[in-house]
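The next block holds one structure in the form of structure tokens; read it before the comments.
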Amino acid sequence: MDLSMLNPQQRLAASTLEGPVLILAGAGSGKTRALTYRAANLMDQGVAPWRILCLTFTNKAAREMKQRITALVGEKADDAWISTFHSTCARILRRDIEKLGYGRSFAIYDDEDQNSVVKEILKQQDIDDKFLPPREVRSKISDAKNRLLTADEWFAGSDRDHRCQLIHDVFTAYEKRLKELNALDFDDLLIRTLELFAQHPPVLQSYRERFQYVMVDEYQDTNYAQYMLVKLLTSESRNLCVVGDDDQSIYGWRGADIRNILDFEKDFPETTVIKLEQNYRSSANILDAANQVIAHNERRKDKRLWTDSDQGEPISVYCADTERGEAGWVVSRIKLFHGQGIPYSQMAVLYRVNAQSRVLEEMLMSTAAPKIPYRVFGGTRFYERREIRDIVAYLRVLENPADDMALMRIINVPKRAIGDSTVQELVRHARRQEIPLFSTLAVPPETLSSRPRKCVAEFAGLMAKLLVLKDTMGLTDFVEELLKLTGLQAQYENISAEDAESRLENIREFVGAVHEFEEANPEAKLADYLENVSLVTDVDSLSEDGGYVTLMTMHSAKGLEFDTVFITGMEEGLFPSSRTATDEQRLEEERRLCYVGITRAKRKLCLTRAYQRTIYNTPNHNAASRFLEEIPKRLVKDEAAARDRAFRDLTPARAPQPTAGKTPLRPGDPLSIPGVQKGFAASPARVMAAQAKPQFKVGDRVIHRKFGEGIVTAITGAGLAGRIRIEFIALGEKEFALSLAPIAKLEDDA
DNA sequence: GACCATTTATTTTTT
DNA sequence: ATAAATGGTC
């Protein structure tokens, strides 16, 4: 294997094949490259590809690694297992889960399914879901599972109060119910695999012998269960290579344990430690900023990322009046940069919470032509849409008839007169007989009166028909047939509801996705597709040259890079989130998240915030994020300053002031008290009207208080009757009264 | 059993 | 503000 393309550390990483290896890889240091070369090198040295296991966190990372290894060694890379922890476990379980008393066609439950189960149990046990919100129960269960605790063990280590007792009871019932449903939640995929290994040593042994070489990407994000899995698999071969960066550990809230990477050398004393510290991604300014921010963390391994690339451009910091202004500025910059030749696909807007995407999306949509192509990742995923979930629920029931949750969802969708009372009767019957709800369809209870009985029988007939078709048709054809036979499609075709059209569109898109999947995996069965639905996220489908601007959370952006990155909402309370303010450890995680965000940028980084942000319909005034303050001023260019200067120059010495004699506090000033200051500044229009305007001429670059930057396209009339037309970068052309418009001339700074 | 109106929670990040 | 959940009515 030709390793001459690598730097000395990368080369060392790619050529240290035996024994435990810890690669500490800073952001942008070429760790994927080192890993892929290492895998290729292994194969080159005669290790059979099927003896290699690579574990990642996202399908995208897995896919990318697979592609890159294939590029180096060709087709034989196909025999290596390169996939996410969850898919790997699902694959192992599909083979042997019957040993644990589950059926092979187990369902994988997502949050919403989990929620339904918890709710069902709360109802059953007569617990008020206001006293014990399902959310909380779920998170407690997940926490416990991540630490490999059973309900009993969890309770023993808890406060042991009444509340914990209730949680324990729900937890216990939840586990029992999931098994009845022949379903596994996300955590179960790992746990049950470990259980399989623990209870059936020969199974473990076979995988141990098979996987002589194990590699783990993003090791800093592993939780205890994942740690155990890796440890179990490699305890004999000792050939474990992990790559990670403690500074990029951002999944602590999901049970990731940063100690896994910090203590790796303790776990494996004979470890070879390799540090990748040269960053190839970002300009010196960006890297400097990232380093300065992360240096504020106490708990980290000491390392110095360096680069020999140019200083690059200063980091833009922009403070807008409101979140709309913030979004407007981002949109205008995207247009500007695009005009300068940066492709849309090389720009990303990152934020802390998904909810922030909305304003951005509104602005992007309302912008004047040329429209900016964009794609929002995360948030409500495609498969979470109602009409899609309905189809998937049908498929799930057909694959796994024990899945009561899915059946309940579709038993009366589309409406077929099987109402609540009928369903309840069926459920009671199923409980008594201890059979799945599905089984009651064919043999409903005697007590059911004739009309509902007929409806149920008809539904049972439909499902029976589908069951036959399922095994005789191709996947895509089957789905099309299902849409017809069930009336799911007709449901939206006949109705003129305003959202019917988009739902139909989604359904068509779903069929397209199934088709695509079938093309890519001709052998695939329904079970495989369902697994894909459960484990694949939309971020996995991000493509490098999609020609669109990417909008996503900083969490989702981990592992990605863009020429230009915007990070919005750089405000205390939002980022870092107010929930982390009291806890130093969680605050450090927020800072790491900031580090991840900053280091996504190659050449241009723009950080924005808003003086006033409306959350829940309530205006908030947030101070600048501490992370913003942690970036040295010498690296920063304050974009708002140019705008403010333009306004200040126009403000007369004795402008009307809200508070006589005193400089008014502006929200965002260190002294301002949140909630006291209402708006941004007092009636700018009035201030402007009070004094003479500079002469505008066609072609001038101007800035408008509300609409942002624009170019003067026409001036008509004079004096009080004067009108001015401005073409705004983001929002198109608008006309104003010359004497009133809150506009200012802008010096050229681009 | 279906539909409409009122109420209520939602905001951390995701495999 | 919005979307889901509940409850009451036809």
Side-chain angles (χ1 to χ4, degrees), chain A residues 55-62 83-90 108-112 114-116 119 129-130 133-135 138-139 142 145-146 184-190 218 221-223 225-226 249-256 350-359 362 377-381 383-386 411-424 449 451-452 455 499 531-540 552-559 569 573-581 583 586 589-590 592-594 596-597 613-620:
Chain A
L55 295 166
T56 65
F57 277 81
T58 64
N59 296 291
K60 183 170 193 294
S83 59
T84 65
F85 273 98
H86 290 85
S87 319
T88 303
C89 288
I108 299 172
Y109 272 22
D110 66 13
D111 297 7
E112 212 177 303
Q114 260 184 70
N115 219 30
S116 313
K119 271 189 180 162
D129 63 0
K130 299 218 167 58
R135 253 182 98 70
R138 253 175 23 195
S139 100
S142 182
K145 286 190 172 182
N146 284 159
L184 270 62
D185 62 27
F186 283 128
D187 301 318
D188 279 338
L189 288 171
L190 292 153
E218 308 279 13
D221 287 328
T222 48
N223 62 27
Q226 288 158 334
S249 163
I250 53 174
Y251 285 106
W253 51 274
R254 212 171 71 187
L350 309 181
Y351 34 78
R352 178 65 238 266
V353 297
N354 280 120
Q356 285 172 260
S357 68
R358 231 176 96 177
V359 207
E362 277 168 17
F377 293 88
T380 41
R381 295 201 294 272
Y383 291 112
E384 282 166 12
R385 287 172 210 188
R386 205 178 69 210
I411 195 165
N412 200 29
V413 175
K415 301 264 187 296
R416 53 172 70 87
I418 302 177
D420 225 29
S421 53
T422 308
V423 174
Q424 283 318 308
S449 50
R451 210 172 67 177
C455 298
D499 57 353
E531 189 172 306
N532 175 66
V533 168
S534 304
L535 298 180
V536 171
T537 66
D538 52 5
V539 180
D540 296 324
M552 57 169 57
T553 62
M554 282 174 275
H555 279 90
S556 305
K558 194 184 64 172
L574 184 60
F575 187 37
S577 156
S578 52
R579 286 152 225 260
T580 65
D583 182 340
R586 298 185 67 189
E589 182 155 311
E590 293 284 291
R592 292 195 290 270
L593 184 59
C594 184
V596 168
R613 183 176 300 273
T614 304
I615 299 169
Y616 263 145
N617 214 20
T618 331
N620 285 71

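The figures here come from the full heavy-atom set of this structure, side chains too, leaving out hydrogens, waters and symmetry mates. Residue numbers begin at 1 in each chain, while the letters A, B, ... track the order of the sequences.
Put simply, CD on A:Gln114 is 16 Å from P on B:dT14, counting in whole angstrom units. Note: CE (A:Met552) to P (B:dT15) measures 10 Å, nearest angstrom. If you measure from atom NZ of A:Lys145 to atom C1' of B:dT15, you get 14 Å, rounded to the nearest angstrom. Rounded to whole angstrom, the span from the CZ atom of A:Arg135 across to the P atom of B:dA9 amounts to 13 Å. Regarding A:Leu189, its CG atom lies at a distance of 14 Å from the C1' atom of B:dT14, rounded to whole Å. What separates NE2 of A:His555 from P of B:dT11 is a distance of 15 Å, to the nearest Å. Remark: P of C:dT2 and CZ of A:Arg386 are 18 Å apart, rounded to the nearest angstrom. The distance between atom CZ of A:Arg358 and atom P of C:dA1, rounded to the nearest whole Å, is 11 Å.
Looking at A:Ser577 and A:Thr580, their side chains never bring a donor and an acceptor atom within 3.5 Å of each other. In this structure, a donor-acceptor pair under 3.5 Å is absent between the side chains of A:Ser357 and A:Asn354.
At a threshold of 4.0 Å, the pair A:Lys145-A:Asp185 counts as salt-bridged, since one of the basic side-chain nitrogens sits closer than that to a carboxylate oxygen.
Between A:Ser556 and B:dT14, a side-chain N or O to OP1/OP2 separation shorter than 4.0 Å is present. The side chain of A:Asn412 contributes an N or O atom lying less than 4.0 Å from OP1 or OP2 of B:dA2. The side chain of A:Ser421 places an N or O atom within less than 4.0 Å of a non-bridging phosphate oxygen (OP1 or OP2) of B:dG1.
Among the heavy atoms of the strands lying under 4.0 Å from A:Asn354 are primed sugar atoms or P, OP1, OP2 only; no base atom is included. If you check every strand for non-hydrogen atoms under 4.0 Å, A:Thr614 touches nothing. Nucleic acid contact class of A:Asp111 (heavy atoms, under 4.0 Å, all strands): base. As judged by a 4.0 angstrom heavy-atom cut-off over every strand, A:Ser87 is placed among residues making no nucleic acid contact. Among the atoms of the strands shown, none is found under 4.0 Å from any heavy atom of A:Lys558. Residue A:Ile615 is classed as a base contact, given a heavy-atom separation below 4.0 Å to a base. Nucleic acid contact class of A:Tyr251 (heavy atoms, under 4.0 Å, all strands): sugar-phosphate only. Nucleic acid contact class of A:Thr537 (heavy atoms, under 4.0 Å, all strands): sugar-phosphate only. In this structure, A:Phe57 reaches the sugar-phosphate backbone alone: every heavy-atom distance under 4.0 Å involves primed, P, OP1 or OP2 atoms, never a base. The residue A:Thr580 sits apart from the nucleic acid: no heavy atom pair falls under 4.0 Å.
Side-chain proximity of A:Lys119 to the nucleotides C:dA5, B:dT15, B:dA2 is greatest for C:dA5.
Nucleotide B:dT11 forms a pair with no other nucleotide shown, judged by Watson-Crick or G-U wobble geometry with both contacts under 3.5 Å.
Of the two residues near DNA chain B, A:Phe85 and A:Arg451, the one whose nearest nucleotide lies more 5' is A:Arg451. Projected onto DNA chain B by closest heavy-atom contact, A:Thr422 and A:Phe186 fall at different nucleotides, the more 5' of which corresponds to A:Thr422.
Aromatic ring pairs are classed by plane angle as parallel below 30°, tilted from 30° to 60° and perpendicular above 60°; the pair A:Phe57 and A:Phe85 is tilted.
Going from atom CD1 of A:Ile250 over to atom OG1 of A:Thr553 covers 8.0 Å, rounded to the nearest 0.5 Å.
Contact record, A:Glu589 with A:Ser249: CG-O, 3.8 Å, taken as the closest heavy-atom pair.
Here A:Trp253 packs flat against the base of B:dT13; its ring centre is closer than 5.5 angstrom to the base's six-membered ring, tilted by less than 30 degrees.
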